[in-house]
Every structure is written in structure tokens, then in C-alpha cells.
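Structure record follows, encoded as C-alpha cells.
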Amino acid sequence: MSIYYHKRITIIPKLLHLNIGTHGWSMSLGTRRAHVTRDSSGRQSASVRLPGGVSWRRSLNRRSRRR
């Protein structure tokens with residue numbers, strides 16, 4: 001049996017949220033339809049949801065190549 005915990009704290013209504021869970025935290029900036037998220041490990045992603053169940057999500061992290 002697994003135990004999960006999730007809490008969403010609104011910092012600025014309908015714009016900025018802090019999400020706290022058992023595996024870390026994340027910040028979301030934007031509306032329900034379009035937002036940018038950054039988590040505790042530094043990963044960033046953008047998400048857009050359209051009516052009819054269509055959604056798009058993209059990682060915004062840039063990987064640097066060292067030679």
C-alpha cells in the first residue's frame with residue numbers, strides 16, 4: 001500500500017500556485033488552460049489545454065553539451 005500526499009497552495013489567485021507532494025514541490029504560473037511549471041529538481045515545462053480534450057506539453061530544459 002502506497003501513501004501519497006498532495007497540497008496546492010494558491011499564492012496569487014488564478015495565476016500562481018505552489019504544489020507540495022510526497023516527492024517534492026513545484027510552482028505553476030498561468031491559468032488552467034496554459035501554464036508554465038518548474039519543479040524542485042529544476043525541470044521546466046509548458047502546457048496548453050484546448051477544449052475537446054486536446055493538450056500539448058513541452059519540456060523547456062536546455063541541455064548543454066560539453067566536449
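One is the number of the first residue; the rest follow in order along the sequence.
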| request: Would you kindly say whether S41 and R43 are connected by a side-chain donor-acceptor distance under 3.5 Å? | output: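 Distance-only check passes for S41 and R43.
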
Got [X] and [Y] here, is their nearest side-chain heavy-atom distance under 4.5 Å?
X   : Y   : answer
N19 : S28 : yes
P51 : R33 : yes
Y4  : H6  : no

| message | If we ignore hydrogens and angles and just use 3.5 Å, is the side chain of D39 paired with the main-chain N or O of S26 as donor and acceptor? | response |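 No, because the side chain of D39 does not come within donor-acceptor range (under 3.5 Å) of the backbone of S26.
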
| task | Please name the pair of heavy atoms, one in L18 and one in W25, separated by the smallest distance, quoted to 0.1 Å. | result |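 Shortest heavy-atom contact: CD1-CE3, 4.1 Å.
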
| task | Could you pull out the closest heavy-atom pair between G24 and S40, with the gap in Å? | result |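 The answer is CA-OG, 3.9 Å.
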
| Common cluster, L15/V36, ILVMFWY with side-chain heavy-atom separation under 4.5 Å |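 Each belongs to a different hydrophobic cluster.
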
Separation of [Y] [atom2] from [X] [atom1] (nearest 0.5 Å):
X   : Y   : atom1 : atom2 : value
T22 : I3  : OG1   : CD1   : 10.0 Å
H17 : L29 : NE2   : CG    : 9.5 Å
L16 : H35 : CG    : NE2   : 12.0 Å

